[in-house]
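These numbers were taken from a predicted model, which means no experiment stands behind them.
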Amino acid sequence: MKTRILGAAAAVTASALLLSGCGGGSGDDAAESVDFAADATGAMKAWGFENADDVGTSRMDYAAEQLPDVEVDLDATAFDAQKFTTRIASGDVPDVVQMDRRYVTTYAAQDLIMPLDACFTSHDVSPRDHWYPFVVDDVTYEDAVWAVPQFYQPPAILLNKAVLDEAGVSAEEFDTSKPDALMGAIEKIYQESGGVPTRLGFDPVATGQGGLWVLAMGGQLNDEDGAPTLDDPSNVAGLEMLKQITDAQGGFASVKSFTDSFDTFGDDNQYVAGQVGGQVNAQWYPNVLSPYVDQLDLEAVPFRSSDGEPFSVASGTAFVIPVGAENPAAACAWMVELTSDEAWNAAGEARADVREQDGGINTGLFTGSPASDQAIRDQWVVESGNPGFDQVISTYYDVVEYGESFGSSPAGQEIQNELNNAITAALLGDKSIEDALADAQEAAMRAYEKTAG
């Protein structure tokens with residue numbers, strides 16, 4: 001499930017607390033004083049491990065076997081940005097914290113976490129070989145890697161074939177690089193009653209997947225230094241396409257109200273209820289639909305960039321070591337073990353056991369590591385007996401290699417928040433797209449200057 005930390009990528013929506021003078025010392029200086037190659041022993045505190053499922057607990061069990069001299073004190077409450085800075089300021093510092101990757105650069109710029117290059121070197125880990133390079137890009141800042149990443153669940157377009165067939169629309173028409181064909185498909189499928197949508201041709205998930213649309217259509221959210229670039233003219237195309245899609249279906253307000261009413265995780269979800277022809281969904285969502293596979297005819301197609309190529313963006317969680325951690329050597333070893341190929345194999349086996357017990361479909365695990373992804377797929381992902389669902393699983397595996405980073409910025413969360421504000425204002429017609437992006441840029445730049453300044 002989406003909310004399972006360690007078992008799936010967490011969707012973090014809270015803004016990062018923007019700090020000034022709250023650091024406990026330089027992250028670089030703190031890391032330089034640590035012998036990450038020292039034996040991993042003693043007590044170690046970890047925080048942010050809420051609701052660990054079979055995937056999480058199996059990996060932690062594996063790490064415990066590899067590090068018998070480390071005693072882990074696990075705080076299973078959810079990560080909270082304000083609580084994190086408060087704990088560091090008060091001296092109540094965990095050794096490992098799990099958080100959304102969009103927070104990492106913020107804390108790196110504030111010297112609240114340690115760079116981990118020495119940690120990786122001491123354990124013979126080459127980050128850009130072990131993880132997808134664009135996953136590492138998420139947690140890279142000023143030529144250093146600041147976190148141990150996990151998970152990368154790519155988005156694709158999940159199609160409701162029964163709805164498409166009813167409207168006489170083919171899967172090939174859902175091509176985001178061909179707006180005319182896509183709009184034609186949307187108009188054929190869309191239904192309303194009294195001006196209120198009853199069926200969407202396509203739910204673009206405008207605010208939840210706004211960054212995907214902007215980047216795929218040639219835009220950028222920040223520059224190489226991490227400074228926001230929301231007012232870059234290249235960002236207009238993505239918002240224009242979102243507005244065209246929502247305007248064709250009653251307008252953004254109507255679309256948003258309708259999608260908010262979806263029983264997304266329930267028996268009457270938008271696919272069972274025939275409320276969408278297609279929707280942008282991350283790889284975890286087919287797991288939600290698997291209990292209803294006998295009621296559905298599904299297919300997936302890649303999200304495509306403006307040049308027609310499959311396109312995806314990386315998102316997920318990561319582990320960091322805060323400045324002031326009492327046992328950073330054990331923290332380093334534990335994080336490396338949790339994300340090793342062997343730990344992920346244990347997770348793959350645990351997930352396969354769960355699927356065997358509940359009779360569900362194994363859609364695989366998308367770990368952030370290409371070797372682990374492939375090994376789990378080869379060993380544990382078998383044909384479900386439903387060709388459409390198997391095609392969906394295969395499509396997500398196909399698009400995983402086309403990822404890009406959202407961009408690493410000290411104002412990463414604020415950039416995302418301000419982009420969503422701009423999208424909402426532009427799609428509602430409250431502002432022109434250019435004015436909405438200009439206002440978003442101004443707000444994001446204030447946040448950037450406060451964090452990076």
Side-chain angles (χ1 to χ4, degrees), residues 155-219 233-260 262 270-271 274-281 297-313 395 399 419-420 422-434 436-437:
I157 300 174
L158 191 58
L159 301 175
N160 195 338
K161 283 285 288 178
V163 169
L164 268 62
D165 290 346
E166 181 182 323
V169 172
S170 68
E172 290 73 21
E173 292 175 75
F174 277 80
D175 186 336
T176 46
S177 70
K178 298 177 180 178
D180 290 344
L182 178 60
M183 293 307 302
I186 290 170
E187 290 168 4
K188 290 178 186 177
I189 297 170
Y190 176 68
Q191 296 178 3
E192 65 175 41
S193 176
V196 177
T198 58
R199 172 179 288 176
L200 295 181
F202 182 35
D203 176 12
V205 194
T207 51
Q209 296 283 355
L212 170 68
W213 285 91
V214 169
L215 294 173
M217 298 305 129
S234 66
N235 293 337
V236 171
L239 271 66
E240 284 181 336
M241 197 164 178
L242 285 172
K243 186 165 176 56
Q244 187 179 11
I245 290 169
T246 52
D247 282 353
Q249 301 179 103
F252 177 68
S254 295
V255 170
K256 186 69 166 60
S257 178
F258 184 48
T259 58
D260 284 348
F262 288 169
Q270 64 272 24
Y271 285 86
Q275 294 172 312
V276 293
Q279 185 180 47
V280 178
N281 276 297
D297 185 7
L298 299 175
E299 186 172 345
V301 295
F303 194 100
R304 295 187 182 275
S305 63
S306 57
D307 61 7
E309 295 299 317
F311 186 86
S312 183
V313 284
T395 297
V399 302
L419 174 62
N420 282 338
I423 289 171
T424 299
L427 268 54
L428 287 173
D430 294 339
K431 300 176 183 177
S432 69
I433 291 174
E434 290 80 3
L437 288 172

Check your understanding: Which atom names give the shortest non-hydrogen contact between L158 and A300, and what distance separates them?
Key -> CD1-CB, 4.3 Å

Review point. Can you list the steps and then say if F311 with T176 is a side chain to side chain contact (heavy atoms under 4.5 Å, CB included)?
Key: CA-CA 10 Å; F311 186 86; T176 46; over 6 Å; no

Review point. Considering residues at least two apart in sequence or located in another chain, which fulfil the salt bridge (Lys or Arg N to Asp or Glu O under 4.0 Å) criterion with K188?
Key: E173

Point to revise | Pairwise distance CD1(I423) to CG(L419) - rounded to 0.5 angstrom | key: 4.0 Å

Check your understanding: Residues two or more places apart in sequence or in another chain: which of them pass side-chain contact (heavy atoms from CB on, under 4.5 Å) with S432?
Key -> E434, D435

Revision key, fill the gap. Heavy atoms of F174 and A185 approach each other most closely as CE1-CB, 4.2 Å

Review point. Considering residues at least two apart in sequence or located in another chain, which fulfil the salt bridge (Lys or Arg N to Asp or Glu O under 4.0 Å) criterion with R199?
Key: E166

Check your understanding: Between F303 and V399, does a side chain to side chain contact (heavy atoms under 4.5 Å, CB included) hold up when you go through it step by step?
Key -> CA-CA 8 Å; F303 194 100; V399 302; over 6 Å; no

Review point. When rounded to the nearest 0.5 angstrom, what distance separates CG in L182 from CE in M241?
Key: 5.0 Å

Practice item. Can you sort out the partners of N281 under side chain to side chain donor-acceptor pair (under 3.5 Å), two or more places apart, ordered by chain and number? Key: Y271, Q279

Check your understanding: Partners of D247 by side chain to side chain donor-acceptor pair (under 3.5 Å), sequence neighbours excluded?
Key -> K243

**Study point:** Over all atoms of both residues, closest heavy-atom pair of G219 and N235
**Key:** CA-OD1, 3.1 Å

Practice item. Not counting sequence neighbours, which residues clear side chain to side chain donor-acceptor pair (under 3.5 Å) with E187? List them please. Key: none

For residues 207-218, run the donor-acceptor check on the side chains, cut-off 3.5 Å, and write out each pair with its distance to 0.1 Å, sequence neighbours left out.
from: W213; atom 1: NE1; to: P204; atom 2: O; distance (Å): 3.0

With a cut-off of 3.5 Å and sequence neighbours excluded, list every side-chain donor-acceptor pair involving residues 249-259.
from: Q249; atom 1: OE1; to: G201; atom 2: N; distance (Å): 2.7
from: Q249; atom 1: OE1; to: F202; atom 2: N; distance (Å): 3.2
from: Q249; atom 1: NE2; to: F202; atom 2: O; distance (Å): 2.9
from: Q249; atom 1: NE2; to: I245; atom 2: O; distance (Å): 3.1
from: S254; atom 1: OG; to: G250; atom 2: O; distance (Å): 3.3
from: K256; atom 1: NZ; to: D260; atom 2: OD1; distance (Å): 3.1
from: K256; atom 1: NZ; to: D260; atom 2: OD2; distance (Å): 3.1
from: T259; atom 1: OG1; to: V255; atom 2: O; distance (Å): 3.1
from: T259; atom 1: OG1; to: K256; atom 2: O; distance (Å): 3.1

Review point. Would L298 and L159 satisfy side chain to side chain contact (heavy atoms under 4.5 Å, CB included), going step by step from the backbone distance to the final call?
Key: CA-CA 6 Å; L298 299 175; L159 301 175; over 6 Å; no

Point to revise | Contacts of S177 that satisfy side chain to side chain donor-acceptor pair (under 3.5 Å) - sequence neighbours left out | key: D175

Exercise for review: Sequence neighbours left out, what passes side-chain contact (heavy atoms from CB on, under 4.5 Å) with A426? Give chain and number order.
Suggested key: L239, I433, A436

Exercise for review: First locate atom OG1 of T198, then atom CD of Q191, and finally report the distance between them rounded to the nearest 0.5 Å.
Suggested key: 5.0 Å

**Study point:** K178 atom NZ, over 12 foreign heavy atoms within 6.0 Å
**Key:** no

Review point. Hey, what do you get for CG (L164) to CD1 (I189), rounding to the nearest 0.5 Å?
Key: 4.0 Å

